[in-house]
Amino acid sequence: MKGTVSKKMVIEESSDNMKDYLNSIFDATYANIELRPLGILVRIFKGLTNFTWLIPYYQLVIYKGDYSSLYAQGRFIRFRKDESFETSKPFLLKLIKLKASYESKYDFLNFK
């Protein structure tokens, strides 16, 4: 995918089962998203340690409203809307288009 990676975005909130991968309350935790042919990699930066969350497109749910969040596998991450998030908007739109094109390949499964 030619190294398509988002800018670092600040994680504002996450599910309880992701709390171990985030910094304490006072430190911001950053993450970026890398596009892959069959899914995405969410890299979470906690100090000097990095964690990678693999999400296939068929499990990925994206919510976009007053905030943007990723849901999959019983977990979620909500990103803070700030300058770094605003610069990542074209990337997130590309992610949504890739997910839609992936799902359109398997649309025959939902045919009634």
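Any value given below was found using the heavy atoms of this structure, including those in side chains, with hydrogens, waters and symmetry copies removed.
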(request) Only counting residues at least two apart or in another chain, list the ones meeting ring pair (Phe, Tyr, Trp, His ring centres under 6.0 Å) with Tyr21. (result) Phe51

(request) Before giving the answer on side chain to side chain contact (heavy atoms under 4.5 Å, CB included), spell out for Tyr63 and Val61 the whole-Å C-alpha distance, their side-chain angles and the decisive distance to 0.1 Å. (result) CA-CA 7 Å; Tyr63 286 103; Val61 178; 3.6 Å; yes

(message) Rounded at 0.5 Å granularity, tell me how far OG in Ser88 sits from CD1 in Ile33.
(response) 7.5 Å

(message) Please tell me whether Tyr71 and Ile96 are part of a single hydrophobic cluster in this structure, the criterion being side-chain heavy atoms less than 4.5 Å apart.
(response) no

(request) Could you walk me through whether Leu70 and Ile40 pass side chain to side chain contact (heavy atoms under 4.5 Å, CB included), step by step? (result) CA-CA 11 Å; Leu70 304 176; Ile40 63 171; 4.2 Å; yes

(message) Side chains of Ser68 and Arg78, heavy atoms from C-beta outward: is any pair under 4.5 Å?
(response) no

(request) Measure up the Tyr57 and Tyr102 rings against each other and bin them: parallel (under 30°), tilted (30 to 60°), perpendicular (over 60°). (result) tilted

(request) Would you please name every residue forming a side chain to side chain donor-acceptor pair (under 3.5 Å) with Gln73, sequence neighbours left out? (result) Trp53, Gln59

(request) Check side chain to side chain donor-acceptor pair (under 3.5 Å) between Asn17 and all other residues, then give those that pass, not counting sequence neighbours. (result) Ser15

(request) Give, for atom OG of Ser14 and atom CZ of Phe76, the distance between the pair rounded to the nearest 0.5 Å. (result) 6.5 Å

(message) Is there a path of hydrophobic side-chain contacts, each under 4.5 Å between heavy atoms, that joins Val10 and Ile44?
(response) no

(message) Would Val42 and Ile77 count as a side chain to side chain contact (heavy atoms under 4.5 Å, CB included) here? Give the steps.
(response) CA-CA 10 Å; Val42 180; Ile77 291 178; 4.1 Å; yes

(request) Nearest 0.5 Å please: distance from the CG atom of Leu98 over to the CZ atom of Arg36. (result) 13.0 Å

(request) With sequence neighbours left out, write down each residue that passes side chain to side chain donor-acceptor pair (under 3.5 Å) with Glu86, or none if nothing qualifies. (result) Lys89

(message) In the structure I gave you, are the side-chain heavy atoms of Asn50 and Arg43 within less than 4.5 Å of one another anywhere?
(response) no

(message) Under 4.5 Å side-chain heavy-atom separation, chaining through any Ile, Leu, Val, Met, Phe, Trp or Tyr, what else clusters with Leu41? Say none if it is isolated.
(response) Leu54

(request) Please check if the side chain of Thr29 supplies one atom and the backbone of Lys46 the other of a donor-acceptor pair under 3.5 Å. (result) no

(request) Could you grab the distance from atom NZ of Lys8 to atom CZ of Phe45, nearest 0.5 Å is fine? (result) 5.0 Å

(message) Using the rule that Ile, Leu, Val, Met, Phe, Trp and Tyr join whenever any side-chain heavy atoms are under 4.5 Å apart, tell me whether Ile62 and Leu35 fall into a single cluster.
(response) yes

(request) Look at atom NZ of Lys97 and say whether more than 12 heavy atoms of other residues, nucleotides or ligands are closer to it than 6.0 Å. (result) no

(request) Could I get the full list of side chain to side chain donor-acceptor pair (under 3.5 Å) partners for Lys99, not counting sequence neighbours? (result) Glu103

(request) Could you state whether Tyr58 and Ile55 fall into the same hydrophobic cluster, counting links through intermediate Ile, Leu, Val, Met, Phe, Trp or Tyr residues with side-chain heavy atoms under 4.5 angstrom apart? (result) yes

(request) Flag the pair Asp82 / Met9 as yes when at least one side-chain heavy-atom distance between them is below 4.5 Å, and no otherwise. (result) no

(message) Could you check whether atom OH of Tyr30 has more than 12 heavy atoms from other residues, nucleotides or ligands sitting under 6.0 Å from it?
(response) no

(request) Begin from the C-alpha positions of Ile11 and Met18 and carry the test side chain to side chain contact (heavy atoms under 4.5 Å, CB included) through to its verdict. (result) CA-CA 11 Å; Ile11 297 175; Met18 295 289 285; over 6 Å; no

(request) Look at atom NZ of Lys7 and say whether more than 12 heavy atoms of other residues, nucleotides or ligands are closer to it than 6.0 Å. (result) no

